[in-house]
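See structure below.
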Amino acid sequence: MNKPVMPKKLQYDNYEPLYAARKKVYPQSVSGTFRRIKWALMAVCLGVYYFLPFVRWNRGPDAPDQAALLDFPNQRFYFFFIELWPQEVYYFTGLLIVASVTLFLMNSIGGRIWCGYLCPQTVWTDLFYAVERWIEGDRRERMRKDAAAHRWTLRRSCEVALKHAIWLMIAWWTGGAWVLFFSDAPSLMNDLAAFQAPMVAYLWIGILTSTTYLLAGHMREQVCTYMCPWPRIQASLTDEWALNVTYRYDRGEKRTSVKKAAELRALGEHVGHCVDCYQCVAVCPTGIDIRNGPQLECIQCGLCVDACDAVMKKIGRPTRLIGYDNEINILRRQQGQPPIYRIVRPRTIIYGLFIALVVGIMLYALNTRSLLKLNVLHDRNPVAVTLSDGSIRNAYTMRLLNKSGFDRVIAIDIDGPVNATVHVVGANSVMPDRPEVVIGRDQTTELRLLVTAPKENNPERSIPVHFHVTDIGLGVVASATDNFVAP
Ligand code: SF4
Ligand code: SF4
């Protein structure tokens, strides 16, 4: 049997390896509209992440006053005026749906703008690059220093040590800020400093410090290119109207230097606006050349737009040779037609309406949800007991939830077998047959209920029994239904 022959790479015309050896990227600093937007969004994202745990929100005495808190020991999630219990975990499902569809909407408007401006990997990598540039200099200087890596001077050693120290500090603070969302931030900070915090806090700080340092400091664009699934997913979600960072080759080609362009024009030859200066490549954080068309590595950050605009201004040509655009407009311009932009189209309308619908449902549910709840569970064994006087008794476990920030006095009534009475084990009753219990603010109480039907009204079969709990002060009522079982 013939052995299968491995095809030679060169037999493929456009062979591209699935994994290419890394070429280190040295993004150059750039200024312009998109760079300013990125700085502003970075400040907002990092500001929220690092400082939100310190924002206070008064929820009354004995309640945590941290605005954003995931209180796992007490099974509560607090976000400003919202307090969610474990039974309300479906709000998180709603949030995840809104977040996903918002991502789809962003993608259908501006391609991978999430990746370019808001993704944590981009934000932290950008911050780490800023530190690197501040200490080691801009692109050329860093390239020169790396090329001379064998010459370790004292100054160079100090620079590298300082850079890594600052990176580690940022990474450590990133991990530190994360755990502050899970406990009272000021107290946890004191405990951390005194080495008295729970071990799990140190563990999470260690995990996030190392991952931030590794992903933002060392792996950088490799995470976007090889690790993240979003570029592949978004490629299947996009359409021809999405505005992606595009080299307008209809304007740019044929590329040539300013000097040569003047000569060729004098000879009556067509030349484009691109002067082949490679500034768009030099500033790219993923190291690609956008003039080669749409590429998986492009995170749509717009920095090449800023770089090219600066060049165009300098040589007196119109800006936006690179810009947020699509192939349709390039073809239209080539045919002498004006470009058209369709941000509002069926796809974006459907996404927008869906987001509005889910957010609306969540807000409605949040505003109308009852802060007094109960669950009732019938005893399984025995399901019914016949007492010595012939009456029948069923027992239940009632779980009462008081989600409000104040104590409640609750009266319990039933509606089931005729003249049946309810008794709560251990509760005082001001009125006969109407037990009252006190339930503290933000608490759950479990009660044992005995419902007794007198002999003359004994039901012959199981019948529904309705339990009503009434807040005596406010008149708020909550109900639940179970069965009263005949022996
Ligand atoms: S090609 Fe331009 S938009 Fe794409 S990643 Fe590079 S700089 Fe950003
Ligand atoms: S920055 Fe503009 S002019 Fe320079 S190479 Fe890139 S596209 Fe051409």
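For the numbers below, each heavy atom of this structure counts, side chains included, while hydrogens, waters and symmetry mates do not. All ligand and atom numbering here is 1-based and tracks the order in the structure. Since this is a predicted model, take the numbers as computed values, not measurements.
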- [ ] Below 4.0 angstrom from a heavy atom of I288, which ligand 1 atoms are there? Numbered from 1 as shown, please.
- [x] 1 (S)
Task: ligand 2 atoms in contact with M312 (distance to a heavy atom under 4.0 Å) - done: 3 (S)
Open item on the list: Please list, in number order, the atoms of ligand 1 under 4.0 Å from a heavy atom of P285.
Closed with: 7 (S)
Task: Any side-chain donor near an acceptor of the partner, E132 and Y26, under 3.5 Å - done: no
Open item on the list: Under the criterion side chain to side chain donor-acceptor pair (under 3.5 Å), I'd like the reasoning laid out for T225 against E221: C-alpha separation, chi angles, the key distance, then a yes or no.
Closed with: CA-CA 6 Å; T225 308; E221 80 290 344; over 6 Å; no
TODO: Look at atom 4 (Fe) of ligand 1 and say which protein heavy atom is nearest, naming residue and atom and giving the distance to 0.1 Å.
DONE: C298 SG, 2.3 Å
Task: Minimum-distance protein heavy atom relative to atom 8 (Fe) of ligand 1 - done: C301 SG, 2.3 Å
- [ ] Measure up the H218 and Y213 rings against each other and bin them: parallel (under 30°), tilted (30 to 60°), perpendicular (over 60°).
- [x] perpendicular
TODO: Show your working on ring pair (Phe, Tyr, Trp, His ring centres under 6.0 Å) between F92 and F77 and close with a plain yes or no.
DONE: CA-CA 10 Å; F92 290 102; F77 168 68; 5.1 Å; yes
TODO: Evaluate side-chain contact (heavy atoms from CB on, under 4.5 Å) for I290 paired with V245, printing each intermediate quantity in order.
DONE: CA-CA 8 Å; I290 192 66; V245 172; 4.1 Å; yes
Task: Partners meeting side chain to side chain contact (heavy atoms under 4.5 Å, CB included) with F182 (sequence neighbours left out) - done: L70, F72, W178
Task: atom 6 (Fe) of ligand 2 neighbourhood, protein N/O/S only, threshold under 2.8 Å - done: C280 SG
Open item on the list: Over 60° means perpendicular and under 30° means parallel, so tell me whether W230 and F104 are parallel, tilted or perpendicular.
Closed with: parallel
Open item on the list: Between F34 and Y324, is the ring pair (Phe, Tyr, Trp, His ring centres under 6.0 Å) condition met? List the steps.
Closed with: CA-CA 11 Å; F34 296 102; Y324 281 89; 5.3 Å; yes
Open item on the list: Only heavy atoms of T286, strictly under 4.0 Å: list the atoms of ligand 1 that pass.
Closed with: 5 (S)
Task: D306 vs K38, salt bridge (Lys or Arg N to Asp or Glu O under 4.0 Å): CA-CA, chis, key distance, verdict - done: CA-CA 12 Å; D306 284 341; K38 274 173 74 69; over 6 Å; no
Task: For Q300, atoms of ligand 1 separated by under 4.0 Å from a heavy atom - done: 3 (S), 4 (Fe)
Open item on the list: Starting from atom 6 (Fe) of ligand 1, what is the nearest protein heavy atom, named by residue and atom, and what distance separates them?
Closed with: C284 SG, 2.3 Å
Open item on the list: List ligand 1 atoms under 4.0 Å from G302, heavy atoms only on the residue side.
Closed with: 3 (S), 8 (Fe)
Open item on the list: Would you compute the distance between atom SG of C115 and atom CG of N107 and round it to the nearest 0.5 angstrom?
Closed with: 8.5 Å
Task: Stacked cation flag R291 on Y278, 6.0 angstrom / 45 deg - done: yes
Task: Closest protein heavy atom (residue, atom, distance) for atom 5 (S) of ligand 1 - done: I299 N, 3.4 Å
Task: Contacting atoms of ligand 1, where contact means under 4.0 angstrom from a heavy atom of V245 - done: 3 (S)
